[in-house]
K.L.:
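Would you mind keeping the following structure in view while I ask a few things?
As the structure lists them, so they are numbered: ligands from 1, and atoms in each ligand from 1.
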Amino acid sequence: MTDRVRIAVQKNGRLSDESTKLLKKCGISFNKSSDKLFLRSSNMMVDILMVRDDDIPKLVHQNIADLGIVGENVLKEKLLADKTLNIERETKLGFSKCRLAFAKPKDLIDADLNNKKIATSYPAIVEDYLSKNSINAEIVEIHGSVELTPFVGISDMICDLVSTGITLESNNLEECYTVLESQALLIKSSKIEVSKSALIKKIVSRINSVIEASDSKYIMFNADSKDIESLVDLLPAAESPTVIPLANKNKVAIHSVCKEEIFWETIEALKFQGASSILVLPIEKLAH
Ligand code: PRP
Ligand code: ZN
């Protein structure tokens with residue numbers, strides 16, 4: 001076996017761009033090319049496998065890939081369909097958020113799932129949902145163009161991924177029940193070879209840093225010394241703010257990392273409490 005770490009990512013689809021962007025932010029250099037399934041990093045002992053998202057859990061289970069980036073929806077479907085799969089879940093990555101939901105044609109009045117034919121690419125998840133909710137319905141498994149099936153007589157309703165809702169809307173369908181919320185997830189093989197474990201640990205830790213940093217912001221502002229406490233209280237998830245005295249004795253500068261998005265409402269509240277020269281900066285990397 002090679003000592004190079006292999007990471008499986010989706011070749012084309014909702015996860016692809018963000019997945020390769022994330023790996024680049026972790027310092028892994030490679031050239032993306034549309035016809036290659038195997039990308040060799042030029043600066044790290046890493047190879048990237050560009051595959052169908054549906055294949056990623058199995059590749060990681062079989063230890064053909066050490067790491068993979070996959071949607072929780074696909075992972076759950078595969079785990080339910082094959083109980084022998086052994087995969088470690090690492091970090092939720094915060095992108096490619098979507099949900100798996102039932103939908104019905106707008107002119108179908110009754111949204112009851114009982115005795116309906118339901119078309120889906122997620123038969124195991126739907127089966128699980130139906131049995132847990134004691135619903136008796138028929139599942140029609142289909143891959144691709146699920147949204148068309150009610151109009152060609154194959155199904156009464158569908159269960160499919162929804163993100164913006166545009167696909168449902170443009171096919172005259174309306175959402176009824178959510179089955180699962182999903183986002184991209186980092187998964188890891190449970191059979192990592194010793195020779196690769198240090199590098200894999202490093203990559204996982206870098207991915208965690210990038211994800212944590214992307215939620216975080218650095219905020220700086222000036223204020224009167226008397227307002228320090230009330231202003232710091234307004235900061236979302238602030239990590240030990242730094243207070244720096246300014247030339248004007250009654251004034252200070254406050255700097256802090258905030259582990260959450262800083263919304264306009266917070267900035268307006270800070271201003272109202274006397275803060276001035278407020279500056280919010282993105283954080284690229286955050287290591288502990
Ligand atoms: C899903 C789903 C819809 C679309 C919904 O397919 O099947 O076609 O996304 O998104 P919207 O609500 O923003 O319109 P996807 O592109 O994920 O393909 P895949 O399931 O074959 O990977
Ligand atoms: Zn897919």
K.L.:
Could you check whether any heavy atom of Gly13 sits closer than 4.0 Å to an atom of ligand 1, since that is the contact criterion I want to use?
P.N.:
no
K.L.:
Which of the atoms of ligand 1 are close to Gly165, meaning less than 4.0 Å from one of its heavy atoms?
P.N.:
11 (P), 12 (O), 13 (O)
K.L.:
Considering only NZ, NE, NH1 and NH2 on the basic side and carboxylate oxygens on the acidic side, decide whether Asp82 and Lys78 come within less than 4.0 Å.
P.N.:
no
K.L.:
Which atoms of ligand 1 have any heavy atom of Asp160 under 4.0 Å away?
P.N.:
2 (C), 3 (C), 7 (O)
K.L.:
Is it true that Phe102 and Tyr129 have ring centroids separated by less than 6.0 Å?
P.N.:
yes
K.L.:
What residues, two or more places apart in sequence or in another chain, satisfy salt bridge (charged side-chain N to carboxylate O under 4.0 Å, His left out) together with Arg89?
P.N.:
none
K.L.:
Would you indicate which of Gln10, Arg14, His143 comes nearest to atom 15 (P) of ligand 1 when only heavy atoms are counted?
P.N.:
Arg14
K.L.:
Inspect the contact between Lys271 and Glu268 and indicate whether a charged nitrogen and a carboxylate oxygen are less than 4.0 angstrom apart.
P.N.:
no
K.L.:
Would you tell me which option among Ile158, Thr167, Asn73 has the nearest heavy-atom contact to atom 14 (O) of ligand 1?
P.N.:
Thr167
K.L.:
Considering only heavy atoms of Val162, which atoms of ligand 1 have at least one such atom less than 4.0 Å away?
P.N.:
12 (O)
K.L.:
What atoms of ligand 1 come closer than 4.0 angstrom to any heavy atom of Asp53?
P.N.:
22 (O)
K.L.:
What pairs meet the salt bridge (charged side-chain N to carboxylate O under 4.0 Å, His left out) rule with one or both residues in residues 143-166, with sequence neighbours excluded?
P.N.:
none
K.L.:
Suppose I only count heavy atoms of Thr164 and a 4.0 Å limit; which atoms of ligand 1 are within that range?
P.N.:
11 (P), 12 (O), 13 (O), 14 (O)
K.L.:
Below 4.0 angstrom, N of the basic side chain to O of the carboxylate: do Lys188 and Asp66 qualify?
P.N.:
no
